[in-house]
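Worksheet for the structure shown next.
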Amino acid sequence: MALSLLSASVVAAACTENLDGGAACPALCPEQSEQFRDTTFEAVVLDSSIAGFPALGIGSTLLLANRPDTLVTRVILRYDVLTTAYSPNGVGAVDSITTVDSVYLRVPLDSTGRRGTTPVTIEAYDVDTTASDTVPAVLRSLFRPDRLIGSLSITPSATADTMRIPLSKTVLAAKIAAKTRLRVGLRMVGNAGQLRMRGFILGTSATTLEYDPATDTTYRPAIVAAQTTLPGAPEDVNVAYSTYSLIDVGSPGPGANTLLVGGMPAYRSYLRFNVPRRITDSSTIVRADLVLTQRPSLFGNASDTVALYPLVPNATSDVTDLRRAIDLAAEGRLVSLDTALLVPRDSGQKVLNVLALARSWRTLNTAVPRALALRVGFEGALPAELRFFSSEAAPAMRPKLRITYLPKSEFVLP
Amino acid sequence: MSLHQQSTNSPRFRRIAPPMRGSLLRTAVVTAAFLAPAMVQAQGTLGALGFGYPVNGMSTRASGTAGAFGDIDPLSPINPAALGGLTRTVISAQAEPEHRTLTFGNLREKTASQRIPLLAVAFPARGGVAVGLSARGFLDRSYTTVTSGTALIDGTTLATTERLTMRGAIGDIRAAVGWQIGNRARVGVGGHIFTGENTAVRERTFADTLKFGSTLDSSSVTYIGTAVSVGGELRLVAGFSAAASYRAGNSFEARIRDTTRASGSVPARLGGTLRYDGIPGSSFAVGFEQVKWSDMQSMASSRTTAQDATNIYGGAEVAGPRYRGIPILIRAGYARNQLPFSTTSQAVKESRISGGLGIPIARDNASLDLSIQRANRSLVGVNAKEAAWLFGIGIQVRP
């Protein structure tokens with residue numbers, strides 16, 4: 001975390017105004033207006049970039065990618081409870097499943113995230129183990145030929161909205177018979193490509209395991225959603241580990257003097273401001289821009305447009321953990337903060353409209369730091385990032401607030 | 001004023017001293033709050049610059065003579081001596097809407113203002129003494145301006161619209177005593193409290209509402225000041241009498257949130273009237289007043305100039321046709337006034353021509369006064385002219 005305390009040097013200048021008036025003003029309007037004032041200053045007293053977003057189980061999409069020079073990911077799906085019985089006639093007596101047929105992983109896709117025009121192979125591995133299975137290194141070691149249980153060759157750019165990956169009937173039947181669990185690891189091999197999978201829908205894993213409980217196709221398939229149970233873990237952690245991804249090759253960290261938003265793994269950036277109370281409390285702010293100096297990023301889809309979403313941290317200063325403060329932040333759209341569209345490869349000054357946020361500071365509890373956090377769209381499933389100079393960069397590059405305000409005045413006296 | 005009242009307060013000074021009617025005093029609720037005007041569809045005005053338009057709160061009778069009878073009218077709270085010799089209790093209320101048309105080059109803007117310029121009660125005491133309590137409008141400052149323009153912000157010229165709404169007034173609450181001395185003279189003294197409030201609300205909007213937020217700001221000021229007035233009226237030769245009054249202003253403060261932000265003095269005023277009523281049923285008067293509005297200059301910013309004013313006027317009241325045996329009074333008058341506040345070194349000039357009627361109703365127990373005034377205002381150096389119609393209606397009850 002980069003922490004900097006900056007002296008806020010305020011340079012204010014009066015704007016010029018020209019009031020042309022209706023019939024009577026300004027000749028007959030002696031109550032002159034205060035002039036709008038512009039100020040651009042280094043208001044950021046604390047900024048930092050924090051990794052690990054979104055939290056497992058929160059993101060609605062996952063990226064399965066094989067771009068060896070840029071991004072390589074894997075996806076883990078856990079089916080700790082398998083359907084082991086069925087009703088042969090749909091009703092009545094229940095029989096144990098002794099054989100299975102048509103075993104697939106049904107994977108919903110977000111077609112906006114597909115990339116690659118040459119065929120790739122999606123491989124599915126049995127990654128169940130008695131070792132510490134939340135450790136990425138342990139899981140990666142299980143992607144070996146003897147554990148390969150299915151594969152599918154596709155061309156990413158030609159995929160529809162669902163992908164069905166066939167799995168070994170023998171393996172699944174054995175696990176059902178043994179009443180054990182199935183844990184599947186997916187990876188993409190062959191040519192370069194990527195697919196964006198839908199991770200969760202309404203809090204439940206979107207990827208399902210489907211199989212026929214008998215060889216007779218008149219029976220409806222059993223559909224099993226991913227779910228898992230970690231010893232002593234709360235329910236949200238269990239949901240998180242039912243479907244998640246591992247990153248083998250990702251984006252670099254923020255480095256010095258840099259605020260990073262997005263990337264793989266995804267970062268969010270937090271900026272805390274110190275704005276003079278004569279502006280927030282004793283004036284009306286009519287324009288507020290956060291001016292950031294962008295650094296070009298070459299990671300991933302550097303030429304694609306990336307949506308930059310503002311977040312409004314509203315925890316009091318009692319919450320000193322910035323990660324926690326960001327987790328508790330509200331979406332910016334709730335206070336009418338708009339989304340900005342930026343291109344990672346660009347550089348130079350970028351202006352974010354934070355007018356609604358700045359105007360809210362007057363009534364904000366004084367115990368709540370005046371702050372803003374930033375995230376990207378498709379966070380955690382977007383191979384792109386935005387980099388900005390932080391408050392530790394050279395003065396000309398630091399984040400600044402540009403505010404136009406109208407001081408309050410007792411204009412009632414003629 | 002009805003014929004009956006005119007006769008009881010004529011320079012022929014009949015001393016009648018009915019008992020004081022305290023119940024009326026107790027029930028008379030007279031506050032400056034009643035005097036605050038209500039504006040409709042207003043724009044900037046010539047008349048209401050600075051601290052506002054000098055309403056002058058005269059009775060409808062005096063308004064019908066363009067103010068010429070103000071110094072000799074017991075219900076116009078100007079000269080306390082005019083109360084002397086009052087024989088009956090009088091309760092008076094009136095309204096005086098004003099319709100203004102401001103012409104600025106080729107543009108014309110119309111405004112309307114509703115005012116209650118005067119509430120008054122006067123009652124006789126013993127020995128030719130009468131007491132009057134009144135609340136009148138002093139300065140009316142109510143208007144709305146909508147101004148379009150541009151603002152240069154960070155090198156970009158932006159279209160803006162500003163709407164300024166000003167509401168409020170300063171009232172003059174007076175308690176006065178008049179005494180008739182013999183048949184030739186009356187004297188009086190009064191104490192004044194000048195109080196009121198102005199509230200300004202300013203809204204500014206930008207054409208680009210996505211990037212720029214609007215502003216809404218308000219500011220209020222309250223005024224408090226005091227003054228003492230004295231006056232006299234003397235019977236001269238047959239048919240002629242002269243009246244004079246003087247108001248000495250004390251401190252006058254403008255307070256914003258309990259803090260005195262500006263102070264000055266209540267403007268001193270000197271007035272004089274020569275009256276002739278040698279023709280039965282008729283009265284004629286000419287007069288002047290000088291008001292030292294510059295006493296308020298220290299309360300204003302440099303954008304407003306307060307200039308001393310000299311106003312002159314003449315008017316007549318004659319008996320017309322009878323209605324149920326009592327003559328209807330017909331009034332007319334003319335005045336040239338200087339308005340106190342301006343945005344330049346020049347004063348706003350006003351000429352006013354007036355007419356009116358005094359109609360008896362309920363025999364001599366009540367009367368209805370009507371007035372109509374046409375005022376024309378101009379300011380040298382500003383291509384603006386303002387014309388106004390003021391319609392007065394007053395009712396007097398003499399229980």
Side-chain angles (χ1 to χ4, degrees), chain A residues 11-40 282-289 291 335-338 340 349 351-360 362 400 402-414, chain B residues 43-46 48-52 102-105 107-109 141 143 145-154 157 160 162 164 166 168 198-200 202 204 206 210-221 254 256-257 261-262 299-301 303-304 341-344 379 382-384:
Chain A
V11 179
C15 308
T16 60
E17 283 187 85
N18 173 30
L19 298 177
D20 295 327
C25 291
L28 304 183
C29 300
E31 296 81 10
Q32 294 298 304
S33 305
E34 278 282 343
Q35 298 286 296
F36 289 110
R37 298 184 186 179
D38 261 340
T39 180
T40 302
S282 303
S283 304
T284 301
I285 297 173
V286 299
R287 177 184 68 162
D289 293 333
V291 182
V335 292
S336 302
L337 289 180
D338 207 357
Q349 284 196 338
V351 177
L352 308 183
N353 183 343
V354 292
L355 173 63
L357 174 68
R359 288 173 77 125
S360 73
R362 178 189 296 178
K400 296 178 178 64
R402 183 170 64 200
I403 291 179
T404 302
Y405 63 100
L406 185 70
K408 284 189 175 297
S409 64
E410 302 299 352
F411 55 94
V412 67
L413 286 172
Chain B
Q43 182 57 277
T45 70
L46 272 177
L49 294 175
F51 290 94
L102 178 71
T103 304
F104 201 93
L107 297 176
R108 289 162 62 88
E109 291 173 345
R141 188 181 177 207
Y143 55 86
T145 61
V146 179
T147 306
S148 60
T150 58
L152 182 65
I153 295 179
D154 199 24
T157 301
T160 64
E162 176 177 314
L164 175 67
M166 189 73 68
N198 290 167
T199 297
R202 170 179 286 140
R204 289 199 213 183
F206 292 87
L210 291 178
K211 195 171 183 181
F212 292 88
S214 62
T215 68
L216 182 63
D217 204 359
S218 64
S219 178
S220 293
V221 59
I256 296 177
R257 291 189 296 274
R261 297 297 295 267
M299 301 170 67
S301 70
R303 299 184 297 270
T304 296
F341 304 109
S342 174
T343 56
T344 71
L379 175 60
V382 175
N383 185 26

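Order of the sequence lines sets the chain letters (A, B, ...), proteins ahead of strands, with each chain counted from 1.
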Donor-acceptor pair, A/Asn353 side chain versus B/Leu210 backbone, under 3.5 Å?
->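 Judged by distance alone, yes, a pair lies under 3.5 Å.
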What part of [X] lies closer than 4.5 angstrom to a heavy atom of chain A: side chain, backbone, both or neither?
X        : result
B/Thr103 : neither
B/Ala254 : side chain
B/Phe341 : neither
B/Thr344 : neither

What residue in B/Ile256, B/Leu216, B/Thr157, B/Thr199 has the most heavy-atom pairs under 4.5 Å with chain A?
->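 If we count pairs closer than 4.5 Å to chain A, B/Ile256 comes out on top.
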With the side chain counted from C-beta on, respond yes when A/Leu413 and B/Met299 share a heavy-atom pair under 4.5 Å apart, and no when they do not.
->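 In short, these two side chains do not touch, never coming nearer than 4.5 Å.
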Does the side chain of A/Pro414 reach to within under 4.5 Å of the side chain of B/Arg141, using non-hydrogen atoms?
->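 Side chain of A/Pro414 against side chain of B/Arg141, heavy atoms only: contact under 4.5 Å found.
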Where do A/Val412 and B/Met166 land on the side-chain contact (heavy atoms from CB on, under 4.5 Å) test, with the steps shown first?
-> CA-CA 8 Å; A/Val412 67; B/Met166 189 73 68; 4.1 Å; yes
Verify the ring-centre separation between B/Phe212 and A/Phe36: is it less than 6.0 angstrom?
->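 No: the rings miss the under 6.0 Å criterion.
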Hey, which of A/Val286, A/Leu355, A/Ile285, A/Thr284 has the most heavy atom pairs under 4.5 Å with chain B?
->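 The option with the most such pairs is A/Val286.
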Given that the side chain runs from C-beta out, which part of A/Asp338 has a heavy atom under 4.5 Å from chain B: side chain, backbone, both or neither?
->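 For A/Asp338, there is no contact with chain B at all, as no heavy atom is under 4.5 Å.
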Heavy-atom pair with the smallest gap, counting every atom of A/Asp289 and B/Lys211 =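 Looks like OD2-CE, 4.0 Å.
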How close do B/Ala200 and A/Phe411 get, heavy atom to heavy atom, and via which atoms?
->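 The answer is CB-CE1, 3.4 Å.
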Rounded distance (nearest 0.5 Å) linking atom CZ of A/Arg359 with atom OG1 of B/Thr215 |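 It is 8.0 Å, given to the nearest 0.5 Å.
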